[in-house]
Amino acid sequence: MSQRVGQTDPRRSIPRTDRLLALPAVAAAREHLSDETIAECIRAVTDRARRGELAPDAVTAAVVEAVGAARASTQTAVLNATGVIVHTNLGRAPLGPSAMSAIVDAAGYVDVEMDLDSGVRSKRGVGARSALLAACTPAEDALAVNNGAAALVLATTALAAGREVIVSRGELIEIGAGFRLPDLIASTGARLREVGTTNRTHLADYADAIGPDTGCLLKVHPSNFRVSGFTAGVEVDALAALGRDRGIPLVVDLGSGLLAPDALLPDEPDAATTLRAGADLTTASGDKLLGGPQAGVILGRTEYVQRLAKHPLARAVRIDKIALAALEATVAGPRPPVSQYLHADPQRLRARTMALAAAVGGEVVAHDGRVGGGGAPGVPLAGYALKLPESAARPLRIGTPAVLARVHDGATLVDLRCVPETDDARVAEAVRIALTDH
Ligand SMILES: *Cc1c(COP(=O)(O)O)cnc(C)c1O
């Protein structure tokens, strides 16, 4: 059916596209949106007006609003009210202000491989390397790569491709969806030589397995589970002594990225202690307890770090300039958010949660936070949450700002541990809207 638009039809007064494109707010949006995206915003609004869903005189305001809300990136900032610090689905570690401003500086042209004083090419990552060595003094050398998995792949490839990696059966773990350590190592062309049993592995098991084909010994921190009961593992110092004795390097995959011990997490290994105990190399993630960007951090003896750095695969797992800048700023800068949230004072959390309840209603309940990201399983972090009806969770998620709370036992729990205190008022406003609109 053809629709003739008569002289008196109000649709005739829908502003023309060229007029809408000329609006100052629309012209300004060209700074951060493509022409196609802007055209799409205008088309969506004028189509609604043509269908009679929007009054013609409301078109201009609707276009300004649509263009203002459009983003070139669809990733949406989220306030993490789950109490889980290293939240895998929310991008693990949130960066602190120093890392954020380093990212902005590194986003343009930057002296990542240039010595500005002499004007000649320099080595990539010298700043991050120095920061890591200053923060972890037992390490002779450091190398940053794309992520923790890449660090492990590079280590086993450079030290054991075509040869054997000796590892305890109790440490052959699955870390996250689709990431199994044995598969990862097998993909490097190294052969896994499994020793011991799921619950018990002894030094003699490693010693008996060492032969002419051994490339390295590997010890993995089983971050996300714990075996309890009749168990035995071999400590780093004993394993390192065995390796030294037989001329075999020991690689320890720490996972979490603590550079030094944290009294709150006694079972979480750290790079400094592990290297002091004799490990030749440690590998870890940058975006777990280290609190930085996605990265893989390799620390250890110069001989082995350099062997990894010079391996052709190093180029394929190279860290980008932006992550490099953020990593350096995290390690050299003030305590990152992950550490602040981990050590949040429960009494302060209680006061903030009470203030939230006073503003929006709901009940203050005790609520344990978690390290998350597969780190420190079973370590509860004492804190509090605001208990709301379960139905509040979705409006909180889809609101602006988006707030992700924890849904548990038929309730929505808003935990402020991982919310910057300066955002408490935004959480309160989001909760108020979520409770009234739905
Ligand atoms: C998380 C983890 C990894 C993988 O690190 P990514 O940074 O996620 O690639 C490897 N090993 C252990 C023990 C881990 O906990």
Side-chain angles (χ1 to χ4, degrees), residues 84-95 99 128 132 142-157 159 165 167-188 190 192 216-227 233 236 239 250-259 262 265 267-271 273-274 279 281-300 308 313-314 316-320 322-324 326-327 330-331 336 338 342 370-379:
V84 178
I85 301 170
V86 181
H87 198 299
T88 306
N89 304 132
L90 296 181
R92 289 193 179 161
L95 298 177
L132 284 166
L143 176 68
V145 294
N146 181 54
N147 62 5
L152 188 57
V153 163
L154 182 59
T156 51
T157 303
L159 302 180
V165 175
V167 64
S168 160
R169 286 201 170 84
E171 297 172 0
L172 294 173
I173 55 173
E174 175 168 316
I175 286 154
F179 177 12
R180 288 186 169 169
L181 200 104
D183 298 346
L184 186 77
I185 293 172
S187 78
T188 69
L192 263 191
C216 67
L217 303 174
L218 174 65
K219 188 169 174 59
V220 181
H221 175 57
S223 323
N224 52 3
F225 80 104
R226 246 200 256 158
V227 186
V236 171
L239 210 48
L250 169 63
V251 179
V252 179
D253 179 15
L254 300 168
S256 79
L258 280 184
L259 297 179
D262 190 318
L265 307 172
D267 295 333
E268 207 54 35
D270 66 279
T273 307
T274 305
L281 285 180
T282 61
T283 64
S285 291
D287 54 355
K288 292 180 180 171
L289 288 173
L290 187 65
Q294 179 187 306
V297 174
I298 298 163
L299 293 160
L308 269 55
L313 184 65
V317 296
R318 189 170 86 165
I319 185 170
D320 83 291
I322 291 175
L324 208 43
L327 180 64
T330 300
V331 175
V338 161
L342 181 63
R370 299 274 161 188
V371 171
V379 176

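In listed order, ligands and their atoms are each counted from 1.
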Check whether any side-chain heavy atom of Val145 sits under 4.5 Å from a side-chain heavy atom of Val153, and report yes or no. no
Check: Leu154 and Leu143 side chains under 4.5 Å, non-hydrogen atoms: yes
Taking only non-hydrogen atoms of Ala149 and a 4.0 Å limit, the atoms of ligand 1 in range are 4 (C), 5 (O), 6 (P), 9 (O)
Going by the atom numbers of ligand 1, which of them fall below 4.0 Å from some non-hydrogen atom of Gly148? 5 (O), 6 (P), 7 (O), 9 (O)
Which residues pass the side-chain hydrogen bond (donor to acceptor under 3.5 Å, both in side chains) test with Asp262, not counting sequence neighbours? His343
Purely on distance, is any nitrogen or oxygen of Asp287 under 3.5 Å from one on ligand 1? no
Does some non-hydrogen atom of Leu152 fall short of 4.0 Å from ligand 1? no
Determine, considering heavy atoms only, which of Arg92, Lys288, His221 sits nearest to atom 14 (C) of ligand 1. Lys288
Rounded distance (nearest 0.5 Å) linking atom CG of Leu181 with atom CD of Glu171: 9.0 Å
Residue among His221, Glu268, Lys288 satisfying side chain to side chain donor-acceptor pair (under 3.5 Å) with Ser256: Glu268
